[in-house]
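Would you mind keeping the following structure in view while I ask a few things?
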Amino acid sequence: MIVPVVSANDYEASFGSLTGGRRAFVKIGGKPLYRYMADALFETFGKVYVAFRDGVEEKYDVLQVDGDTVGDAIMAARDVATSTDRLLIAEGSVITEKEAVRALVEAAASLGSDGAVLAVPVRSRAGVPLEMSEGLLVGVGGEGQLAYGGMLLIPRDAARAFEGRTLAQALSQLAKTWKIAVAVWGGKWFKVDKPLDLMGALELVMPDATYISAGAKISPTAVIEGPVYIERGAEIDHYAVIKGPAYIGRGAFIGAHALVRNFADVEEDVVVGSSAEITHSLIEPGATIGRGSFVSYSVVGEEAVLEPGVITKSVLREGRGKLKPIEVRGREFYKLGALIGRGTRVEAGALLEPGRGFT
């Protein structure tokens, strides 16, 4: 039997101002990041464990973990498996499709191997390059074109390879001890390593069709241009314009004459003041965007408040070398606005320089 587990305990300090450091906890597209992998595994297996260090999960089974790494989650997963089970471990900071899960399992079956690792093109910034031969993992490193894709299938006893080792060291050890297939995946896939990566992730979670909940309140003078997803309890005031792709969360309020456009993600209970503009940004639950503000290529943390007239500048003239270009409709952009931590209050009329808070 396969025991599917999503690791949501992984800690990254750069997420401290947003989630306390748990990168998989950031909310995007109406749900925490780890839910994308959990949903994909649940569709395939009908059951999934979510590994937390500290957290609560209402939908799936909880696996409490003492440590902060994916390896710690793997070690904890041994306790819910029998000696004949295999563990399917997926990182909660990855967004992919259920077909990737199937590719992983089928790769192991087709080669008669003990397990499998998901591999993606190196350009996807996965970080751990894989070496393979005749479809099997032979090690880590080199100048190969594939990298670890954040998901692996291993026998329960193979979990010992992660005890006291880094992910790269453990993968190398697996290759020496077990027969591990490499499942090459070229479909939808994205990993969030830093808050900056949320800019790219927005493009994967945005709707491709328009849905307006019957429980939403849309003013007769508002303009909705799809694809736009508007949740129950959201309210769009007079003369506001929502131009997709965009997501409006449950209970959000979009004020009169506001403009929400182009990969804007407005989570639940957010308030967008009148005449404010939001583009290619993630606004976390309960945040307030003050009247007349402009938010571009930015992340605004939970319960943060931007008083009226706050402007984020997002046209980079220096520091492009640190950024991966963001591709929007076939064109590449080097833009970065501001990262505003949860609960932060930004004074009225503030002008925020590009990249503020991201470094």
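Just the heavy atoms: all of them, side chains too, but no hydrogens, waters or symmetry mates, feed the values below.
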Query raised in the report: When you check the side-chain N and O atoms of His238 and Thr221, is any donor under 3.5 Å from an acceptor?
Result: yes
Report summary line: So the ring pair (Phe, Tyr, Trp, His ring centres under 6.0 Å) pairs with at least one residue in residues 72-106 (sequence neighbours excluded) are none
Report task. Would you mind reporting whether Val260 and Lys243 have side-chain heavy atoms less than 4.5 Å apart? Result -> no
Query raised in the report: Are any of the side-chain heavy atoms of Asp114 and Pro155 separated by less than 4.5 Å?
Result: yes
Query raised in the report: Can you tell me if CG on Asp208 sees more than 12 non-hydrogen neighbours from other groups inside 6.0 Å?
Result: no
Requested in this report: Check the pair Ser7 / Asp10 against side-chain hydrogen bond (donor to acceptor under 3.5 Å, both in side chains), numbers first and verdict last.
Outcome: CA-CA 7 Å; Ser7 171; Asp10 198 18; 6.0 Å; no
Query raised in the report: Out of curiosity, does Leu202 fall in the hydrophobic cluster containing Phe358 (side-chain heavy atoms, cut-off under 4.5 Å, transitive links)?
Result: yes
Report summary line: side chain to side chain contact (heavy atoms under 4.5 Å, CB included) test vs Val117 passes for just one of Leu152, Ile154, Leu153, namely Leu152
Report task. Answer yes or no: is there a side-chain heavy-atom contact under 4.5 Å between Leu204 and Tyr36? Result -> no
Requested in this report: Starting at CZ of Phe253, measure out to CD of Glu235 and round the result to the nearest 0.5 Å.
Outcome: 5.0 Å
Query raised in the report: Transitively linked via ILVMFWY side-chain contacts under 4.5 Å: Ile28 with Val270?
Result: no
Query - Salt bridge Arg78-Asp157, side-chain N to carboxylate O under 4.0 Å - result: no
**Report entry** Smallest separation among heavy atoms of Val310 and Leu352, with atom names
**Finding:** CG1-CD1, 4.1 Å
Query raised in the report: When rounded to the nearest 0.5 angstrom, what distance separates CD1 in Ile236 from OG in Ser219?
Result: 9.5 Å
Requested in this report: Output yes when Asp61 and Lys47 qualify as a salt bridge under the 4.0 Å nitrogen-oxygen rule, no when they do not.
Outcome: yes
Query - Within-4.5 Å side-chain heavy-atom neighbours: Tyr148 and Leu171 - result: yes
**Report entry** Asp237/Lys217 salt bridge by N-O under 4.0 Å criterion
**Finding:** no
Report task. Verify the neighbour count for atom CZ of Arg291: are there more than 12 heavy atoms of other residues, nucleotides or ligands below 6.0 Å? Result -> no
Requested in this report: If a pair satisfies side-chain hydrogen bond (donor to acceptor under 3.5 Å, both in side chains) and one of its residues is in residues 337-349, list it, with sequence neighbours excluded.
Outcome: Glu307-Arg345
Query - Residue Phe45 excluded, over 12 heavy atoms near CZ under 6.0 Å - result: yes
Report task. Mind checking the OG1-CD1 spacing from Thr210 to Ile230? Nearest 0.5 Å is all I need. Result -> 8.0 Å
Query raised in the report: Ring centroid separation for Phe25 and Phe52, is it under 6.0 angstrom?
Result: yes
Query raised in the report: Out of curiosity, Glu99 CD to Leu104 CG, how far, rounded to the nearest 0.5 Å?
Result: 13.5 Å
Query raised in the report: Of all heavy-atom pairs between Ala252 and Val266, which one has the smallest distance, and what is that distance?
Result: CB-CG1, 4.1 Å
Requested in this report: Taking atom CZ of Arg232 as the centre, report whether more than 12 heavy atoms of other residues, nucleotides or ligands fall under 6.0 Å from it.
Outcome: no
Requested in this report: Please tell me if the side chains of Val295 and Leu306 come closer than 4.5 Å, counting only heavy atoms from C-beta onward.
Outcome: yes
Requested in this report: Could you verify whether a donor N or O on one side chain and an acceptor N or O on the other, from Asp72 and Thr69, lie under 3.5 Å apart?
Outcome: yes
Query raised in the report: Which pairs with one or both residues in residues 25-35 pass side-chain hydrogen bond (donor to acceptor under 3.5 Å, both in side chains), sequence neighbours excluded?
Result: Lys27-Glu268, Lys31-Asp39, Tyr34-Glu57, Arg35-Glu57
Query raised in the report: Which distance, rounded to the nearest 0.5 Å, do you find between the OG of Ser298 and the CG of Leu198?
Result: 11.5 Å
Requested in this report: Would you check if Tyr49 and Val80 make a side-chain contact, meaning some heavy-atom pair closer than 4.5 Å?
Outcome: yes
**Report entry** Residue pair Val5 / Val48, side-chain heavy-atom distance below 4.5 Å
**Finding:** no
Query - Donor on one side chain, acceptor on other, Glu231 and Tyr247, under 3.5 Å - result: yes
Requested in this report: Test salt bridge (Lys or Arg N to Asp or Glu O under 4.0 Å) on Glu43 and Lys98 and set out the steps.
Outcome: CA-CA 7 Å; Glu43 284 189 42; Lys98 61 181 180 182; 3.0 Å; yes
Report task. Answer with yes or no whether the hydrophobic clustering places Val120 together with Val6; edges join I, L, V, M, F, W, Y residues whose side-chain heavy atoms lie under 4.5 Å apart. Result -> yes
Requested in this report: Evaluate the side-chain proximity of Leu88 to Val3: yes if any heavy-atom separation is below 4.5 Å, no if none is.
Outcome: no
Report summary line: Residue pairs meeting side-chain hydrogen bond (donor to acceptor under 3.5 Å, both in side chains), one or both in residues 176-186, sequence neighbours left out, come to Thr96-Trp185, Gln173-Thr177
Query raised in the report: What are the two closest heavy atoms between Gly244 and Asn262, and how far apart are they?
Result: O-OD1, 4.0 Å
**Report entry** From Val300, Val305, Val346, Val271, residue fulfilling side chain to side chain contact (heavy atoms under 4.5 Å, CB included) relative to Ile289
**Finding:** Val300
Report summary line: So the ring pair (Phe, Tyr, Trp, His ring centres under 6.0 Å) pairs with at least one residue in residues 86-114 (sequence neighbours excluded) are none
Query - ring-ring contact (aromatic ring centres under 6.0 Å, His included) partners of Phe42, counting only residues at least two apart - result: Tyr60
